Amino acid sequence: MTTKNTLSSAPMAPLLDRLFSEASTATGFDFSQIPESDTTRMMHSKTEYLDLYGLLKDMWLPVSRDTGKLLYMLTRSSKATSVVEFGTSFGLSTLHLAAALRDNGGGRLITSEFEPAKVAKAREHLQEGGVADLVEVRAGDALQTLAVNLPETIDLLVLDGAKALYDDILQLLESRFRPGTLIVADDASYNQVYLDHVRSPANGYLSVAFGDDVEVSVRLG
Ligand SMILES: C[S@@+](CC[C@H](N)C(=O)[O-])C[C@H]1O[C@@H](n2cnc3c(N)ncnc32)[C@H](O)[C@@H]1O
């Protein structure tokens with residue numbers, strides 16, 4: 001039997017090794033230059049996220065290697081063909097999702113990023129990974145770019161952009177969820193409103209935290 005595993009084969013596997021290594025040595029804004037209270041405030045603010053991510057524009061901020069594998073596994077096991085992502089950066093999570101779509105037999109991934117240099121790099125990496133045909137990288141603020149031209153149904157949503165907007169992005173997309181839609185939110189602990197929403201069965205979700213950085217939720221009905 002031939003097993004399709006785009007993630008573990010060339011060109012994807014060596015590309016991911018190289019990119020995770022580059023990400024770990026990338027330098028960017030030194031947060032010790034500003035008081036910790038400013039960083040905390042910006043992480044929780046619904047208006048200062050442009051300033052925060054402007055400071056972080058050279059940082060890759062990728063999901064962990066394990067979270068990347070989890071994204072691949074969830075996309076495969078749910079046989080997702082319609083995936084949306086908030087927060088592309090240099091495209092590391094996107095590459096995992098697209099690899100899974102390829103192995104699912106195809107599909108469509110819409111991902112969103114407002115830093116133009118990151119959009120260009122992510123597109124380059126998707127090309128290099130041989131999955132660019134499956135991915136639409138939408139340039140601009142996700143509050144606008146994910147408000148239009150979306151598929152009827154979303155099988156899987158990844159939240160990894162400005163933490164303070166997780167509840168807004170969820171609200172924007174919620175009507176397109178079906179029973180079984182998965183939502184994976186990285187570092188969701190910065191947004192208690194989001195966590196309260198997905199952890200309340202009355203809102204139609206079952207949700208659980210994995211490790212200290214990932215919240216996985218499923219739409220029940
Ligand atoms: C944590 S990084 C994403 C990392 C990426 N998922 C990966 O694994 O490589 C968050 C990214 O979201 C982008 N971002 C934050 N808020 C955004 C918004 N409102 N619209 C579009 N992009 C946003 C930032 O510029 C940043 O590159």
Side-chain angles (χ1 to χ4, degrees), residues 7 44 46 49 63-64 66-89 91-113 131 134-138 141-221:
L7 198 62
H44 289 90
K46 283 190 192 289
Y49 60 91
V63 292
S64 69
D66 280 351
T67 300
K69 283 183 197 151
L70 179 70
L71 293 178
Y72 176 87
M73 288 161 63
L74 291 176
T75 309
R76 285 299 309 269
S77 60
S78 63
K79 298 186 170 66
T81 56
S82 169
V83 179
V84 174
E85 179 180 48
F86 169 46
T88 320
S89 193
L92 288 185
S93 50
T94 320
L95 285 164
H96 290 81
L97 295 165
L101 284 185
R102 174 74 76 226
D103 295 343
N104 281 350
R108 183 177 180 210
L109 164 53
I110 296 169
T111 183
S112 51
E113 174 56 57
V131 288
L134 299 167
V135 186
E136 181 190 343
V137 185
R138 293 193 179 173
D141 193 321
L143 287 175
Q144 277 92 52
T145 63
L146 296 184
V148 289
N149 297 330
L150 287 167
E152 272 299 298
T153 305
I154 296 170
D155 299 319
L156 190 141
L157 168 67
V158 177
L159 297 173
D160 197 21
K163 313 304 160 202
L165 299 183
Y166 281 10
D167 52 315
D168 304 84
I169 299 289
L170 188 80
Q171 208 177 9
L172 209 56
L173 305 176
E174 206 167 38
S175 64
R176 297 174 188 276
F177 295 168
R178 57 161 174 82
T181 291
L182 289 162
I183 305 109
V184 183
D186 207 47
D187 291 327
S189 56
Y190 286 103
N191 190 326
Q192 196 56 46
V193 173
Y194 173 80
L195 287 179
D196 289 345
H197 187 75
V198 292
R199 287 178 182 172
S200 164
N203 291 323
Y205 295 96
L206 186 67
S207 192
V208 67
F210 282 106
D212 36 69
D213 55 351
V214 182
E215 181 84 12
V216 180
S217 316
V218 64
R219 183 74 174 172
L220 295 174

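Since this is a predicted model, take the numbers as computed values, not measurements.
A donor-acceptor pair is defined here as one N or O able to donate and one able to accept, closer than 3.5 Å; no such pair exists between the side chain of Thr67 and the backbone of Val63. Tyr166 contributes no side-chain N or O that, together with a main-chain N or O of Tyr190, makes up a donor-acceptor pair within less than 3.5 Å. Checked by atom type and distance alone, the side chain of Glu113 pairs as donor or acceptor with a backbone atom of Ser89 at under 3.5 Å. At distances below 3.5 Å, not a single donor-acceptor pair connects side-chain atoms of Thr153 with backbone N or O atoms of Arg176. Side-chain N or O atoms of Asn191 include one that pairs as donor or acceptor with a backbone N or O of Lys163 at under 3.5 Å. For Asp141 (side chain) and Gln144 (main-chain N/O), no donor-acceptor pair under 3.5 Å exists by modelled atom type.
Taking CG of Leu156 as the reference point, atom CG of Leu97 lies at 6.5 Å (rounded to 0.5 Å). Between the CZ atom of Arg102 and the OG1 atom of Thr75 there is a distance of 14.0 Å, given to the nearest 0.5 Å. Atom OG of Ser200 is separated from atom CG of Leu195 by 12.0 Å, given to the nearest 0.5 angstrom. Separating the CG atom in Asp196 from the OG atom in Ser207 is a distance of 10.5 Å, to the nearest 0.5 Å. Annotation: the span from Tyr72 atom OH to Ser93 atom OG amounts to 16.0 Å, rounded to 0.5 Å.
Residues Arg108 and Pro151 are in side-chain contact: their nearest non-hydrogen atoms beyond the backbone lie under 4.5 Å apart. Val208 is not listed as a side-chain neighbour of Glu215, based on a closest heavy-atom distance of 4.5 Å or more. A 4.5 Å side-chain heavy-atom check between Ile110 and Val83 finds every atom pair outside the cut-off. For the pair Glu136 and Leu109, the minimum side-chain heavy-atom distance is 4.5 Å or more. Taking the side chain as every heavy atom from C-beta outward, Leu170 and Tyr194 approach each other to under 4.5 Å. Looking only at side-chain heavy atoms (C-beta outward), Val184 and Leu157 stay at 4.5 Å or farther from each other. Using a 4.5 Å heavy-atom threshold, the side chains of Val216 and Val218 count as separate.
Pairing each heavy atom of Leu74 with each of Ser78, the nearest pair is O-OG, 2.7 Å. Between Leu146 and Ser112 the shortest heavy-atom distance is CD1-OG, 3.7 Å. The two residues Thr81 and Leu101 have their closest heavy-atom pair at CA-CD2, 3.8 Å. The heavy-atom pair separating Ala142 from Ile169 by the smallest distance is CB-CD1, 3.9 Å. When all heavy atoms of Asn203 and His197 are compared, the closest pair comes out as ND2-O, 3.1 Å. Closest approach of Glu174 to Arg219, counting heavy atoms only: OE2-NH1, 3.7 Å.
Asp155 and Arg178 are joined by a salt bridge, as a carboxylate oxygen and a charged side-chain nitrogen come within less than 4.0 angstrom of each other.
Shown are Leu159, Leu172, Val158, Thr111; of these, the side-chain contact (heavy atoms from CB on, under 4.5 Å) with Phe86 is made only by Leu159.
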Practice item. Go through Thr94 and Val137 one step at a time and tell me if the side-chain contact (heavy atoms from CB on, under 4.5 Å) criterion holds. Key: CA-CA 9 Å; Thr94 320; Val137 185; 5.7 Å; no

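Within the structure, every pair that satisfies the salt bridge (charged side-chain N to carboxylate O under 4.0 Å, His left out) test and touches residues 72-88, not counting sequence neighbours, is listed here: Arg76-Asp103.
Between the side chains of Asp167 and Gln171, no donor-acceptor pair is found at a separation under 3.5 Å.
Judged by the 6.0 Å and 45° rule, Arg199 forms no cation-pi pair with Tyr205.
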